[in-house]
Amino acid sequence: MGLPNRRCPNCGDTHQDFRPLDDAEKAYARGQVPRADLGTYRRCARAGCVRVQSYFDWRSGFDLPDSFRPPGG
């Protein structure tokens, strides 16, 4: 079973794979979403994208700071 495929507004409103947050992303997300909901958030797996959103609602999301963007991304 692959990664969940969801709508990503940062990627031209196309469907992209979303992966679970790593530890650093979770630490940042704790300041953005209620702690109880943190486990439902995923990050867009497309190279260079910093979108994080709820597994259940693509509208409920935010962008990570540019420091989370890979070099050259």
Side-chain angles (χ1 to χ4, degrees):
M1 184 173 197
L3 297 173
N5 192 273
R6 299 285 184 261
R7 181 178 182 175
C8 181
N10 289 18
C11 295
D13 217 18
T14 59
H15 280 78
Q16 300 294 327
D17 291 335
F18 278 76
R19 63 166 177 74
L21 301 178
D22 67 23
D23 291 340
E25 294 161 349
K26 282 182 189 175
Y28 180 83
R30 281 188 194 103
Q32 305 296 313
V33 300
R35 188 175 186 93
D37 295 337
L38 186 60
T40 68
Y41 280 75
R42 304 288 185 265
R43 180 177 176 176
C44 181
R46 183 172 176 224
C49 188
V50 291
R51 175 76 177 169
V52 172
Q53 66 190 38
S54 171
Y55 178 87
F56 301 106
D57 182 8
W58 65 269
R59 292 177 193 92
S60 178
F62 57 91
D63 290 348
L64 294 167
D66 280 339
S67 60
F68 285 88
R69 195 179 305 271

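Only this structure's heavy atoms are used, side chains among them; waters, hydrogens and symmetry mates stay out.
- Rounded to the nearest 0.5 angstrom, Asp37 CG and Arg30 CZ are separated by 13.5 Å.
- Looking at Arg19 and Glu25, a side-chain N of the basic residue comes within less than 4.0 Å of a carboxylate O on the acidic one, giving a salt bridge.
- Across all non-hydrogen atoms, the minimal contact from Cys49 to Cys11 is SG-SG, 3.6 Å.
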Full working for salt bridge (Lys or Arg N to Asp or Glu O under 4.0 Å) between Asp17 and Arg46 = CA-CA 7 Å; Asp17 291 335; Arg46 183 172 176 224; over 6 Å; no
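- No donor-acceptor distance shorter than 3.5 angstrom exists from the side chain of Arg6 to the backbone of Trp58, with no hydrogens or angles considered.
- Counting only heavy atoms from C-beta outward, the side chains of Leu21 and Tyr28 never approach each other to under 4.5 Å.
- Here the closest non-hydrogen pair linking Gln16 and Cys44 is CB-SG, 3.7 Å.
- Counting heavy-atom neighbours within 6.0 Å of Tyr55 OH, excluding the residue itself, gives a total of 12 or less.
- Put simply, CZ on Arg43 and CG on Asp22 are 7.5 Å apart, with the number rounded to the nearest 0.5 Å.
- A donor-acceptor contact shorter than 3.5 Å is absent between the side chain of Arg59 and the backbone of Ser54.
- Without hydrogens or angle criteria, Ser60 side chain to Asp57 main chain gives no donor-acceptor distance under 3.5 Å.
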Please step through side-chain hydrogen bond (donor to acceptor under 3.5 Å, both in side chains) for the pair Gln53 and Arg51, ending with a clear verdict.
-> CA-CA 7 Å; Gln53 66 190 38; Arg51 175 76 177 169; 2.9 Å; yes
